[in-house]
Protein chains: 2
Amino acid sequence: MNLKQLSEILGLSQTTVSRALNGYPEVNEGTRIRVQAAADKHGYRPNSRAKGLATGRSMVIGHVIPTSSQHEMVNPIFGDFVAGAARTYAENNYDMMFTHAPDTSIEESYRSLFNRGVVDGVVLQGPKVHEPRISVLSRMGVPFIVHGRSTHAEEPYDWIDVNNQRSFERATRFLIDLGHKRIALINGLEEMDFARRRRNGYMTALEKSGIAPDPNLLRSAEMTEIYGHQTACDMLKLSDPPTAILASSIISAVGVRRALEENGLKMGRDISVIAHDDELSYMRNGMDVPIFTATRSSVRHAGELAAEMLIERINAPNAPPKTRLLEAELVVGSSTGPAPQRT
Amino acid sequence: MNLKQLSEILGLSQTTVSRALNGYPEVNEGTRIRVQAAADKHGYRPNSRAKGLATGRSMVIGHVIPTSSQHEMVNPIFGDFVAGAARTYAENNYDMMFTHAPDTSIEESYRSLFNRGVVDGVVLQGPKVHEPRISVLSRMGVPFIVHGRSTHAEEPYDWIDVNNQRSFERATRFLIDLGHKRIALINGLEEMDFARRRRNGYMTALEKSGIAPDPNLLRSAEMTEIYGHQTACDMLKLSDPPTAILASSIISAVGVRRALEENGLKMGRDISVIAHDDELSYMRNGMDVPIFTATRSSVRHAGELAAEMLIERINAPNAPPKTRLLEAELVVGSSTGPAPQRT
DNA sequence: CGCAATATTCAAAGCGCTTTGAAAACGAGT
DNA sequence: ACTCGTTTTCAAAGCGCTTTGAATATTGCG
């Protein structure tokens, strides 16, 4: 069923039918009702390609997912972020398009999506400290929003981010206040902007308390369970092992926990652990009582907000840049406690 | 840059330029090279909406992701399945579209995608034992593939699935052979087809060995870490607790492990655990030595194959239905061992 | 009742591509 | 040089929608 057929059935012109369905004022109310009824009855839906051609809008938003070429791994927070965004898109009649691209050809992917007119805007995920994609998109003059920020970006751009620096500074200070001095940071990849900021927060807290950072207690890689486990095992073998560990993700924290258990250590008593909790729906940090003391910020909620901001940008391409900084909560669970007295 | 502009620059008709770029034979080889060069130089890419309108194909494949309305959770295997599919799509010049829909309106989503001409085919994920979506899509006569199967589907359809029944039967038998008699199954939601088949496999193995199933040792819910933990805790409190546990996912198995540790039990010695391992990239089952003894089948690989099969179907709508049954490996890790002798 | 103002409807152009059917250019054969 | 068969190129129609500019119906008012 297309517009032409529908209008013939109704004995009206395509113009009138189109206007009736799109809510234009210059159509008789009785006609509109009649048209709407017929459309419903026949299950008519405008062909979105034709509509897009005519309007110049695709009503599609693109997400280009970087396949970290080295590791071929799917970022686990992706699922929940997208779930949040998808909800907002649906409310605003946008569809969501995905492209998986290796790190090296992401720029190309963006170009392709826009030049082919496939999308009206894109979400840039996982920005690095040096992030070439931001200037590419800026120069292309297309609507986009960054989930996260890039420290070395020169031009202004829309972003939404968690205050990673502050939350990790607070978490570190929390541990210091409990008497810990040997505090490890099991971080994400250093080239990622969020990881850099977390590290900065960690460093700042140590500095303010006059604790010299120990490079042995600082590690960064992609945040898998295996990595958390391996790193924790390594650190426990040090002559002067950490008494507290900050983990950049619940997933690597699970690996840390496994390492501790294998070594007969009890979390919260022998060693304290704080994790960053993105509130992944399949990996919740406990129910009523958190398993891990954690810096908490819902990545799903970030997805919702990011989508909103992007849609605003699409509707007002020349509005001044908007940014949004979310604060993470620090929730206390049973994985932290006073530093054990070493006599 | 559109076709018209490009053809004006070249002093050729749109027809010729279009044919040159699409590899039609009736264009002079010299011309083709000249056209291709100009297209590259100007970064010309055909508008995909216009192209779609003209060809009647959208070159887009849709995934409708059910938001389990009750739980609002993102299925964790989703990310890896999609990563696999995306790769195949990219190779075949398909884009990938996502729609998030509550369980109740998924049918509506499919209709919308096809009627609006947004997609050429869809992937149906997470089929239930009774799966109305399959007959809906069959009746619509559109290309689709099911990841999994539906026991009570009447019409034939394309699917790709893991042999869940056999793999769980083998896993159960493996435990029985180790002397276990009290074997628990921490399963996915019972209405899901895969969960039903796993349960059947489990039951069959028990039956064949003359072990009476105990309803206290059978639980099903969405496979989160919390659920695995909670269920294991409950079961350990039984007067006659299990000596072995089958977990339907690595994620719930992690929860089981946490419960065991809290109770001072050592996995593999005091209690055996087998998990189903989808080889999620962020939750690998160990490196060289598996953490869990597991039934293993890569969901990413399934995604790749599913995409291939769907594209074949789109290209040959009337070919006979194709199905593909993958066998899971049974890999042995350190989470299993002989049943403890209770004297 | 007649005319201007307003409300409602319409035909046709255009979005950027593919594809049909026709025309032009070329080359070989006589 | 002329015809005929091939190659190569082209103009125009069509995909299904929106939107412009014009036409027709209706209403209000003197």
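Below, chains carry the letters A, B, ... as their sequence lines are ordered, and counting in each starts from 1.
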Taking [atom1] from [X] and [atom2] from [N], how many angstroms apart are they, rounded to a whole number?
X: B:Gln5; N: C:dG14; atom1: CD; atom2: P; value: 16 Å
X: B:Gln14; N: D:dA11; atom1: CD; atom2: P; value: 10 Å
X: A:Glu26; N: D:dT20; atom1: CD; atom2: P; value: 10 Å
X: A:Asn115; N: C:dG16; atom1: CG; atom2: P; value: 13 Å
X: B:Leu12; N: D:dT7; atom1: CG; atom2: P; value: 20 Å
X: B:Leu53; N: D:dA13; atom1: CG; atom2: P; value: 18 Å
X: B:Arg34; N: D:dT9; atom1: CZ; atom2: C1'; value: 12 Å
X: B:Arg45; N: C:dC17; atom1: CZ; atom2: P; value: 13 Å

For this session: Determine, using ring centers only, whether A:Phe144 and A:Phe114 are less than 6.0 Å apart.
Result: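 No, too far apart.
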
Problem set entry | Donor-acceptor pair (no angle test) under 3.5 Å: B:Thr31 side chain, D:dT9 base |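 Looking at the base of D:dT9, it does not pair with any donor or acceptor on the side chain of B:Thr31 (distance under 3.5 Å).
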
For this session: Classify the nucleic acid contact of A:Ser48 as base, sugar-phosphate or nothing, counting any heavy atom under 4.0 Å across all strands shown.
Result: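 No contact.
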
Exercise. Which part of the nucleic acid, if any, lies within contact of A:Gly11, taking any heavy atom under 4.0 Å across all strands shown: a base, the sugar-phosphate backbone alone, or nothing?
Worked result: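 Sugar-phosphate, backbone atoms only, no base.
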
For this session: Before accepting this row, confirm whether a basic side-chain N of the pair B:Glu312/B:Lys322 lies closer than 4.0 Å to the acidic partner's carboxylate O.
Result: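 Yes, this pair counts.
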
For this session: Please determine if B:Glu107 and B:Arg133 form a salt bridge, counting it only when a charged side-chain N lies under 4.0 Å from a carboxylate O.
Result: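 Salt bridge: no.
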
Under 4.0 Å between a side-chain N or O of [X] and OP1 or OP2 of [N]?
X: A:Thr15; N: C:dT9; result: no
X: A:Lys4; N: D:dG16; result: no
X: A:Ser18; N: D:dT18; result: yes
X: A:Asn47; N: D:dG16; result: no
X: A:Thr16; N: C:dT9; result: no
X: A:Asn28; N: C:dT8; result: yes
X: A:Tyr44; N: D:dC17; result: yes
X: B:Asn22; N: C:dT18; result: yes
X: A:Tyr24; N: D:dT20; result: no

For this session: Please tell me if the side chains of A:Val142 and A:Arg111 come closer than 4.5 Å, counting only heavy atoms from C-beta onward.
Result: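 No; the side chains remain at least 4.5 Å from each other.
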
Problem set entry | Closest-nucleotide 5' rank along DNA chain D - winner of B:Ala54 and B:Val27 |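 Looking at the nearest nucleotide for each, B:Val27 comes out on the 5' side.
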
For this session: Using the six-membered ring wherever Trp is involved, compare the ring planes of B:Tyr89 and B:Tyr94 and label them parallel, tilted or perpendicular (cut-offs 30° and 60°).
Result: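 Geometry flag for B:Tyr94 against B:Tyr89: tilted rings.
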
Problem set entry | A:Lys51 side chain, from C-beta outward: closest of D:dC17, C:dT9, C:dC17 |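 Closest nucleotide to the A:Lys51 side chain: D:dC17.
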
Exercise. In terms of side-chain heavy atoms of A:Arg19, which of D:dG21, C:dG14, C:dC17 is nearest?
Worked result: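 Within the option list, the nearest is D:dG21.
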
For this session: Specify the residue among A:Glu29 and B:Leu3 whose closest nucleotide of DNA chain C lies further upstream toward the 5′ end.
Result: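 The residue mapped nearer the 5' terminus is A:Glu29.
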
Exercise. Does any donor atom in the side chain of B:Thr16 or B:Ser13 lie under 3.5 Å from an acceptor atom in the other side chain?
Worked result: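 Per modelled atom types, B:Thr16 and B:Ser13 side chains form a pair under 3.5 Å.
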
